[in-house]
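Okay, so here's the structure we're looking at.
Values below: every heavy atom of this structure, side chains too, minus hydrogens, waters and symmetry copies. Chain A is the first sequence line, chain B the second, and so forth, proteins listed ahead of strands; every chain is numbered from 1.
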Amino acid sequence: MSNIFINDQGLPFCKGCGHSTIANNTEKALAKLGLKPLDVILVTDIGCHGIIDKSFNTHTVHGLHGRSVALGAGISAGITNPDKKVIVFIGDGGATIGMQHIIDAAHNGYNMTVVIHNNMLYGMTGGQPSEYTPMGFKTPTKQAGSTKFSYDICKIVAAAGGTYVRRVMGIGDFSDALSEAFGRPGFSLVEVMEICPSYGVKSNPEMKLSKVVENAGLATEVIADLPAKHYVTDRREALPSLFSPSDVIPAQAGTRLQAETSTHGELRIMMCGSAGEGVQVAAELLARAGIRAGLQVTKKGSYPVTVGVGFSAAEVILSPEAINYTGTVTPDYMIITSRDGLDFGKKAAGRMKSGKIYLDESLESPVTGAEIIRFPFREKTGARNASFMGVFYFLHDTNLLPVEVMVNSFNENKISKKVSADQFLQLLSA
Amino acid sequence: MKEKEIIFTDSSKLITESLVRAGADVFIGYPITPANLLYAYGERRFPIFFAAPDEITTLQWMSGFAVTGHLPVTATSFPGYALMIESVNMAYMMELPMVIVLIQRLGPATGTATCGAQGDLNVVNGTLSGGYPLPCLSMSTVSDCWELPQKALQMAADLRTPVVLLSSKEEVMTYRSIDMGALAEIQPVKRKAFSVKEPYLPYAPAENLVPEFRPVTQDEHQVRITASTHDQTGIIQNTTPAALGNTARLARKIRKNLDHYLYYDYDRQEGAKTLLITYGITTQAAIDAIRDYRESGKKASLLVMKTLLPVHSKYYEICNDYDHIIIAEENLEGELRKIMFGQADSPRVSGVNKIGQMIEPGEIIKALEDHE
């Protein structure tokens, strides 16, 4: 019978190489399943086995060393037709460097079969030991034999969730094992044991493949045989835009900013407090209030990578004109509500030659040319609300924006369900 | 006049929305500061979202999706990009379309994850073994964050190549008031329809030197995709003339078509002898600096490069009109400056450079004054 999947170019491997046996068994196994060549996407890794592409009539994809299983997983996840079959050929070297990809693909259950060509060494590069070289097995670069135990990849993959996992000797007809794997929806893996005729046989002339495998404690049997299940890519159609009409902030009242600002109308407010004390939200609400007042605004936050502890600072720029540069220059105003905030903001305060700093009463004054205004933000409203109090106090004192826009901005936020803007306004009027 | 639709947003959201409207349909993400907003928005907005276990897997999955006809996207920062590089080479060699949004932060190594930078241009420029040009577009303004993602995706699809979309922490994490109504409509990327030619050769180039794409999901033509040196058949060929010609074509196709993807802003001032060049996050300071400098009665022109790599000859034509060139970028030794003008110091070309903080308009003005 003529081949369907392997073309007439012949196989490119050394005489006696198990890779040829795998290719021929793959041909048989695919034919048994009644597949057509272009139903199959053969993904190959780097190594001797990877030069097989030209011999197959299937689609072929040939990538990087060790990454073929991840590449195959991506292909599998991208295919909508479950009748397509993704087969990955990889060597024991590739299965060493790319072991995480194998575990991950098994764990997620991508619809694919991995065939490991385990000839127990790196054949293409001169016969170095891989992590699959059994203890005592000699290779050209390890003439005394490997001093490490080899991985049992089948057990690892079975533990990770492979639906069909099997180890076979790479001799004779093992096409039934391959067709079982190819036909099983989900992640399947067949590890085929071989001895490299160029490096393995020569380095271990006295050893038979069956003995090597037996000594390594590797069982040539079915290691996992689970009901078929496979990952189905979630394709979410027509998700809503990230922007909705309700995001639009209505302009509400004219600004009073114009006369108060420095060059080009930009006013910079820096808020410094502690994580968990509403600094970022308060700054955002101030910025939104600015938009309501018809201004252009920017806001950015600074905080350590551990976002739940330490300082939290925000810079807000308000301007009647377009804002370009948002980097740190000297602020016009600072609102400092905690010890962390003061420590972080000292440098900026030191640069201020004018302007105002609204400082919690509990803190010592920083060295600055700005006017310092003290208020017991923390004591009056509690640490969690000190930043909001700071913003209300700042607007009340400067009259830069109508306080109503800040109230509206505040009431729009879920924070208003926990604390009322009136609380802040009453404190101000007192 | 149309009523303004002011919203308050960060640019990560603009970039994500633009990519999806343009037709990008897969986002593969691995978390990394400061690209995490893109990850979060990607999860909400992309039709297909995958959380990868690492950045090598990210690029491999993207490549797998691209082989099946999807247009994948990821967002990362230098440490992640470094892990992706071999796989970017693979995707480039395989000729797979994808967009990598690279958000720069302060390096080297882990550096400071929460501090912005413009320190990755050399890495992008040197991504490909052999010095092949990897397209890189850089966003400089809010409208760029809306329009360039679509253009990057179009370029990736048209030229069958990974495209790096470059930004930095301050650009994608700063919130701004913007007028949604003033943003241009994002057109879906058009992918070239396959025209049947027999026999089908996976890497036979069309007139623009780009091979026509066929996904492995169809069963009319055998597709062979490979990252190893290959000829038009997609089979490993060692170093035959046909295979080397195919590899050289990878560079030629980018350069031949680059005019169609040349984006820059050139604010020319008549009589100016100094040209200020910048890109990315430093653009904002440069615009302010040029404005203030001119207000003081002095002259200078401004070139904001958006198509950064490969460097287009048009930029040199512009440079030829000036006695002095100043390149402002947030890195230590002037990455764009050295890419454009070499390693040797030149009295004609100087830089404004800084690390750990955005370059201030005043620092640029000082450099302009130094050249008077």
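- Heavy atoms closer than 4.5 Å to chain A are found in both the backbone and the side chain of B/Val223.
- Taking the six-membered ring for Trp and thresholds of 30 and 60 degrees, B/Trp61 and A/Tyr110 have ring planes more than 60 degrees apart, a perpendicular arrangement.
- Only the side chain of A/Gln100 comes within contact range of chain B, judged by heavy atoms closer than 4.5 Å.
- Interatomic distance, A/Leu318 CG to B/Ser177 OG, rounded to the nearest 0.5 Å: 9.5 Å.
- Most heavy-atom pairs under 4.5 Å with chain A: of the set B/Gln218, B/Met173, B/Gln357, B/Met62, this distinction falls to B/Gln218.
- No other option in A/Thr326, A/Asn81, A/Ile41 has as many heavy-atom pairs under 4.5 Å with chain B as A/Thr326.
- Contact annotation for B/Leu14: both backbone and side-chain heavy atoms come within less than 4.5 Å of a heavy atom of chain A.
- Between B/Glu360 and A/Tyr325, the shortest heavy-atom distance links the atoms CG-OH, 3.1 Å.
- Contact check for B/Met90 versus A/Leu71: side-chain heavy atoms found under the 4.5 Å cut-off.
- Contacts of A/Ile249 with chain B are made by both backbone and side-chain atoms, with heavy-atom separations under 4.5 Å.
- Taking the side chain as every heavy atom from C-beta outward, B/Gln60 and A/Leu64 approach each other to under 4.5 Å.
- The CG atom of A/Leu242 sits 4.5 Å away from the CD atom of B/Glu17 when rounded to the nearest 0.5 Å.
- Put simply, of B/Ala227, B/Ser228, B/Pro72, B/Pro47, the one with the most heavy-atom pairs under 4.5 Å next to chain A is B/Pro47.
- With a 4.5 angstrom heavy-atom cutoff, B/Met93 does not touch chain A via any of its atoms.
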| task | Begin with the C-alpha distance, continue with both residues' side-chain angles, and end with the deciding distance and a verdict on side-chain contact (heavy atoms from CB on, under 4.5 Å) for B/Asp25 and A/Arg235. | result | CA-CA 9 Å; B/Asp25 54 356; A/Arg235 292 174 164 78; over 6 Å; no

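- In this structure, NZ in A/Lys36 is found 6.0 Å from CG in B/Asp219, a value given to the nearest 0.5 Å.
- Between chain B and the residues A/Asp104, A/Ile51, A/Ile79, the most heavy-atom pairs under 4.5 angstrom are made by A/Asp104.
- Shown are A/Val248, A/Asp247, A/Val297; of these, the side-chain contact (heavy atoms from CB on, under 4.5 Å) with B/Phe8 is made only by A/Val297.
- Heavy-atom neighbours of A/His65 NE2 from other residues, nucleotides or ligands within 6.0 Å: above the threshold of 12.
- Only the backbone of A/Phe56 comes within contact range of chain B, with heavy atoms under 4.5 Å apart.
- Put simply, of A/Pro245, A/Ala287, A/Pro240, A/Ala73, the one with the most heavy-atom pairs under 4.5 Å next to chain B is A/Pro240.
- For B/Thr9, the part lying near chain A is the side chain, with the backbone staying farther off; criterion is any non-hydrogen pair under 4.5 Å.
- In terms of heavy-atom pairs under 4.5 angstrom with chain A, the leader among B/Val20, B/Thr174, B/Ile235, B/Asn89 is B/Thr174.
- Neither the backbone nor the side chain of B/His230 comes within contact range of chain A; no heavy atoms are under 4.5 Å apart.
- Counting all heavy atoms, side chain and backbone alike, B/Thr68 lies closest to A/Ile75 at CG2-O, 3.5 Å.
- For B/Ile236, the part lying under 4.5 angstrom from a heavy atom of chain A is the side chain only.
- Just one of B/Val67, B/Val216, B/Ile225 meets the side-chain contact (heavy atoms from CB on, under 4.5 Å) condition when paired with A/His59; it is B/Val216.
- Heavy atoms of A/Gln296 lying under 4.5 Å from chain B belong to its backbone as well as its side chain.
- When all heavy atoms of B/Thr217 and A/Lys84 are compared, the pair lying nearest together is O-CE, 3.2 Å.
- Of all heavy-atom pairs spanning A/Arg236 and B/Phe46, the tightest one is NH2-O, 2.6 Å.
- Minimum interatomic distance between A/Val61 and B/Met94 (heavy atoms only, all atoms of both residues): CG1-CE, 3.9 Å.
- Neither the backbone nor the side chain of A/Ser76 comes within contact range of chain B; no heavy atom of the residue lies under 4.5 Å from a heavy atom of that chain.
- Ranked by heavy-atom pairs under 4.5 Å with chain B, the first of A/Ala77, A/Ser241, A/Gly63 is A/Ser241.
- Here A/Ile317 contributes atom CD1 and B/Arg176 contributes atom CZ; the two are 7.5 Å apart, rounded to the nearest 0.5 Å.
- Interface remark: B/Glu86 contributes backbone and side-chain atoms alike to the contact with chain A (heavy atom separation under 4.5 Å).
- Both the backbone and the side chain of B/Ile48 come within contact range of chain A, with heavy atoms under 4.5 Å apart.
- Taken from CG in A/Asn57 to CD in B/Gln222, the straight-line distance is 6.0 Å, to the nearest 0.5 Å.
- When each of B/Thr112, B/Asp10, B/Thr114 is checked for heavy-atom pairs under 4.5 Å with chain A, B/Thr114 comes out on top.
- Rounding to the nearest 0.5 Å gives a distance of 4.0 Å between OG1 of A/Thr60 and CZ of B/Arg224.
- Counting non-hydrogen atoms of other residues, nucleotides and ligands closer than 6.0 Å to NZ of A/Lys54 gives a total of 12 or fewer.
- Looking at B/Thr33, there are no atoms closer than 4.5 Å to chain A (heavy atoms on both sides), in backbone or side chain.
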